[in-house]
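We name chains A, B, ... by the order of the sequence lines, and we start the count at 1 in each one. Scope of the values below: all heavy atoms of this structure, side chains included, with no hydrogens, waters or symmetry mates.
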Number of protein chains: 2
Amino acid sequence: MVTKAENQELRLKKNIKKYFLQAQPMLENGVCPTKALFAASMDKWSMFCVFNLGYFKVLRFTELKNKIPGISARMLSVSLKKLEQNGIVARKVFAEVPPKVEYTLTPFGKGLAEKLADLGNWFLAHYPNKDS
Amino acid sequence: MVTKAENQELRLKKNIKKYFLQAQPMLENGVCPTKALFAASMDKWSMFCVFNLGYFKVLRFTELKNKIPGISARMLSVSLKKLEQNGIVARKVFAEVPPKVEYTLTPFGKGLAEKLADLGNWFLAHYPNKDS
DNA sequence: CGGTATCCGTTGCGATACTG
DNA sequence: CAGTATCGCAACGGATACCG
């Protein structure tokens with residue numbers, strides 16, 4: 001008989017194996033997908049940007065800045081540029097005075113947002129030090 | 001009529017809203033769950049540790065080091081300590097000479113590994129710059 | 001074997017000032 | 001409004017040496 005916990009472990013092993021197998025040929029080409037993932041989007045400011053754009057759909061620079069307490073204009077600028085370069089965020093400039101720029105998630109960005117929200121919710125539900 | 005894409009967007013918004021709502025009371029207590037998540041486990045070395053422990057179940061320090069190309073003893077030590085403090089990794093010391101230490105994932109760590117493997121696999125499947 | 005201590009160059013990032 | 005430029009400190013992290 002196979003217990004529930006054993007099933008879970010087997011599924012985990014299988015999923016990680018899948019990741020390892022897919023990553024292998026990329027590693028041989030000098031590209032590490034894990035590093036790429038982190039380089040593209042895995043820092044806290046990027047995560048805040050992705051969450052807010054996932055929720056509000058379209059935001060301007062200053063709106064986004066106001067929704068992310070503690071972020072500086074510099075880091076917001078840097079994060080958005082990185083996200084744009086990696087195809088996660090789309091930037092739309094309007095030829096107006098004063099200037100107007102709108103940020104949205106690309107389809108790829110929306111998929112990523114889904115996965116990150118999933119991770120965040122799981123973490124919130126299981127984090128043992130919630131009260132500390 | 002509601003299209004598939006619209007449904008996806010609604011689900012995304014709902015999931016992020018759930019995260020925001022859960023996070024709100026923690027933020028008022030001065031704890032940011034997103035920062036906690038990153039502080040606990042979101043760097044590339046920690047991710048490699050979690051993946052390898054998820055796959056091989058139990059590994060010793062040097063085994064883990066050998067399975068993670070490029071990691072230094074210092075960073076492996078630092079990462080494992082952080083993961084242990086955050087309840088993700090369990091450390092078992094054997095009173096032997098020469099010393100023997102085994103690392104495994106805690107149940108919390110296994111859950112996290114599942115989510116990270118899921119994220120990694122999604123990223124591998126959709127990353128647009130796979131070939132670059 | 002399984003680490004720790006120290007050094008030190010590199011990077012991250014906030015603050016401030018400035019611009020089309 | 002939507003950024004950029006520069007500065008300066010702090011943290012990251014690799015190399016090396018050492019230890020119980």
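- In this structure, Asn86(B) and Ser41(B) have side chains that are not in contact, with every pair of non-hydrogen atoms separated by 4.5 Å or more.
- Paired with Ser46(A) under the rule side chain to side chain contact (heavy atoms under 4.5 Å, CB included), one option of Val78(A), Leu80(A), Leu83(A) passes, and it is Leu83(A).
- At the heavy-atom level, Lys100(B) lies under 4.0 Å from the strands shown only through sugar-phosphate atoms.
- We find that CG of Leu76(A) is positioned 14 Å from P of dC1(D), with the value rounded to whole Å.
- Between Lys92(B) atom NZ and dG2(C) atom P the separation is 14 Å, expressed in whole Å.
- For the pair Leu64(A) CG and dC1(D) P, the computed distance is 14 Å after rounding to whole Å.
- Checking dG14(D), dG2(C), dG14(C) against every side-chain atom of Trp45(A), the shortest atom distance belongs to dG14(C).
- Atom CE in Met75(B) sits roughly 15 Å away from atom C1' in dG3(C) (whole-Å rounding).
- Lys65(B) places its NZ atom 11 Å from the C1' atom of dA15(D), with the value rounded to the nearest Å.
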From CA spacing to verdict: side chain to side chain contact (heavy atoms under 4.5 Å, CB included), Val58(A), Lys92(A): CA-CA 10 Å; Val58(A) 44; Lys92(A) 187 174 181 185; over 6 Å; no
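- Look at Thr62(A) and you'll find a side-chain N or O under 4.0 angstrom from OP1 or OP2 of dA2(D).
- Of the two residues near DNA chain C, Lys44(A) and Pro99(A), the one whose nearest nucleotide lies more 5' is Lys44(A).
- A salt bridge links Lys57(A) with Glu9(B): at least one charged nitrogen is closer than 4.0 Å to a carboxylate oxygen.
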Between protein and nucleotides 3-6 of chain D, what N or O pairs are separated by less than 3.5 Å?
residue	atom	partner	partner atom	Å
dG3(D)	OP1	Arg91(A)	NE	3.4
dG3(D)	OP1	Arg91(A)	NH2	2.5
dG3(D)	OP1	Tyr103(A)	OH	3.4
dG3(D)	OP2	Tyr103(A)	OH	2.4
dT4(D)	OP1	Lys81(A)	NZ	2.5
dT4(D)	OP2	Ser77(A)	OG	2.4

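- Side-chain heavy atoms closer than 4.5 Å link hydrophobic residues (I, L, V, M, F, W, Y) into clusters, and following such links, even through other members, never connects Leu21(A) to Met26(A).
- The separation between Phe94(B) atom CZ and dG20(D) atom C1' is 19 Å, rounded to whole Å.
- In this structure, Phe108(A) has its ring center under 6.0 Å from that of Trp122(B).
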